[in-house]
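Data first, discussion second: the structure below is written as structure tokens.
Atoms within each ligand, like the ligands themselves, are counted from 1 in listed order. Basis for what follows: all heavy atoms, side chains included, without hydrogens, waters or symmetry-related copies.
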Amino acid sequence: MLQASMNRRFAIQGCTALVTGATAGLGAEFARQLAPRARHLILVGRRKERLASLAESLRKDFSALSIESIPADLAMPEERERLASHIIRSEIPLNLLVNNAGLGDLGPFDTAEWTRLEPMLSVNVTALTHLTHLLLPMLRAHPPSAVLNVSSIAGFFPLPEMAVYAATKAYVTSFSEALRMELEPHGVVVTALCPGPVPTEFFEVASREGKTIRAMDRSHPAFASPPELVVRQALAGLERNRPGVIPNSLLAAVVRTVRLLPFPLIREAIRLGAGPKKPVEE
Ligand SMILES: NC(=O)c1ccc[n+]([C@@H]2O[C@H](COP(=O)([O-])OP(=O)(O)OC[C@H]3O[C@@H](n4cnc5c(N)ncnc54)[C@H](OP(=O)(O)O)[C@@H]3O)[C@@H](O)[C@H]2O)c1
């Protein structure tokens, strides 16, 4: 029986999903796209009112959906533990974990404030790892199940002026690949989503005081994708058991090509392209 369910592919239809960072951007879009197909949704983020109003509007549109919003600051280990214990106690058949919450900091490392870097490391790396660790027994108990880790194209290359953020996403991609291999025999699919720029609140949050950097200041507009497309492709990739999803075909082709080059050449190209970015002075 267990063997049979492990051989089936993970399907979103009827799933029980937890989405972190559901108050904005990609996370809110994950909630909207999962709602018509999932049985239970658990939405997590710090901003209570936003979580409640998203849950309310999804409840109105999808009466069969059971939906819960749980405010939590994932940078705090005790809040992660509280969240996981609540889920474990409630005995819901969790079979999809979307580790989406994340944040960035744009600018040189030497002038970065530790009060911005530390929460970034805590949310992007520690919380993603800790929540996966805490909830894995539940995911393994309900195969076929899945972990979707939201990484970034930034994880493929070291990026000056996004040094810490890019390093956190390199961690997410590497962790996802290894975990995928470990969990394959247990009926748990792991996929890393690696988007290029997406117009969400990300760049506003990542910009330093007085220096707004917009998504398009960082890359060619052709590399950007709307959140609806990013999430649609991520969910399709998960159901197709893809190890990674780059939801923009042009960007995917560029990344694949560049990764074939010797690293010293890549380093020079990054150096050339990584001159100081001109922020919009406020
Ligand atoms: N936008 C892009 O260009 C882009 C590109 C590649 C990858 N990504 C990745 O996509 C993911 C989603 O980002 P987004 O673009 O949707 O950005 P966003 O609009 O700023 O949303 C970020 C989400 O993360 C949550 N979050 C941040 N700190 C948190 C904390 N301490 N505890 C709990 N939740 C927290 C925020 O909720 P609260 O503030 O309410 O807590 C919010 O819901 C991130 O992992 C990001 O690195 C984004």
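Which of Ala101, Ser122, Ala224 comes nearest to atom 34 (N) of ligand 1 through a heavy atom is settled by distance: it is Ala101. Closest to atom 44 (C) of ligand 1 by heavy atom, among Leu83, Asn100, Leu51, is Asn100. Which of Gly45, Gly102, Ala28 comes nearest to atom 24 (O) of ligand 1 through a heavy atom is settled by distance: it is Gly102. Residue nearest to atom 15 (O) of ligand 1, selected from Asp73, Thr20, Val231, Thr200: Thr200 (by heavy-atom distance). Proximity annotation for atom 18 (P) of ligand 1: of Phe202, Phe30, Phe203, Tyr165, Phe202 comes nearest, heavy atoms only.
Between Gly27 and ligand 1, a contact under 3.5 Å exists for no N or O pair. Checked against a 3.5 angstrom limit, the closest N/O atoms of Arg47 and ligand 1 fall inside it. Geometrically, ligand 1 and Leu103 share no nitrogen or oxygen pair separated by less than 3.5 Å.
Residue contact check for ligand 1: Ser151 places a non-hydrogen atom closer than 4.0 Å to it. Heavy-atom distances between Ala75 and ligand 1 reach below 4.0 Å in at least one pair. The shell of residues lying under 4.0 angstrom from ligand 1, judged by heavy atoms, includes Lys169. Residue Gly196 places a heavy atom under 4.0 Å from ligand 1. Within the structure, ligand 1 has Ala72 among the residues with a heavy atom less than 4.0 angstrom away.
Of the candidates Asn149, Thr129, Thr20, Asn149 is the only one forming a side chain to side chain donor-acceptor pair (under 3.5 Å) with Asn99. Just one of Leu193, Val189, Asn100, Val190 meets the side-chain contact (heavy atoms from CB on, under 4.5 Å) condition when paired with Leu148; it is Leu193. Shown are Arg80, Arg82, Met76; of these, the side-chain contact (heavy atoms from CB on, under 4.5 Å) with Glu78 is made only by Met76.
Annotation: Arg37, atom CZ; neighbour count of heavy atoms from other residues, nucleotides and ligands within 6.0 Å is above 12. For Glu268, the CD atom counts as densely surrounded, since its 6.0 Å shell holds more than 12 non-hydrogen atoms of other residues, nucleotides or ligands.
Residues Glu81 and His86 bring no donor and acceptor atom of their side chains to less than 3.5 Å of each other. One side chain, Thr168 or Asn124, offers a donor N or O that lies under 3.5 Å from an acceptor on the other. In this model, no donor atom of one side chain and acceptor atom of the other lie less than 3.5 Å apart for Asn95 and Arg140.
The Val150 neighbourhood of ligand 1 comprises atoms 9 (C), 10 (O), 11 (C), 45 (O), with distances under 4.0 Å to a heavy atom of that residue. Atoms of ligand 1 found under 4.0 Å from any heavy atom of Pro197, numbered from 1 in the order shown, are 3 (O). The atoms of ligand 1 that sit less than 4.0 Å from any heavy atom of Leu74 are 30 (C), 31 (N), 32 (N), 33 (C). Annotation for ligand 1: atoms under 4.0 Å from non-hydrogen atoms of Leu26 are 10 (O), 16 (O). Numbered from 1 in the order shown, with element, the atoms of ligand 1 that lie under 4.0 Å from a heavy atom of Gly25 read 16 (O), 19 (O).
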- request: Step by step, work out the salt bridge (Lys or Arg N to Asp or Glu O under 4.0 Å) result for Glu56 and Arg59.
  value: CA-CA 5 Å; Glu56 189 52 38; Arg59 244 180 237 119; 3.5 Å; yes

message: If you apply the rule salt bridge (Lys or Arg N to Asp or Glu O under 4.0 Å), what do you find for Glu239 with Arg232, and how did you get there?
response: CA-CA 11 Å; Glu239 289 196 302; Arg232 200 172 337 111; over 6 Å; no

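When ring centroids are compared, Phe157 and Phe263 stay outside the 6.0 Å threshold.
Of all the heavy atoms of Val123, the ones lying under 4.0 Å from any atom of ligand 1 belong exclusively to the side chain.
In terms of heavy atoms, Ser225 sits closest to Pro199 at O-CD, 3.3 Å.
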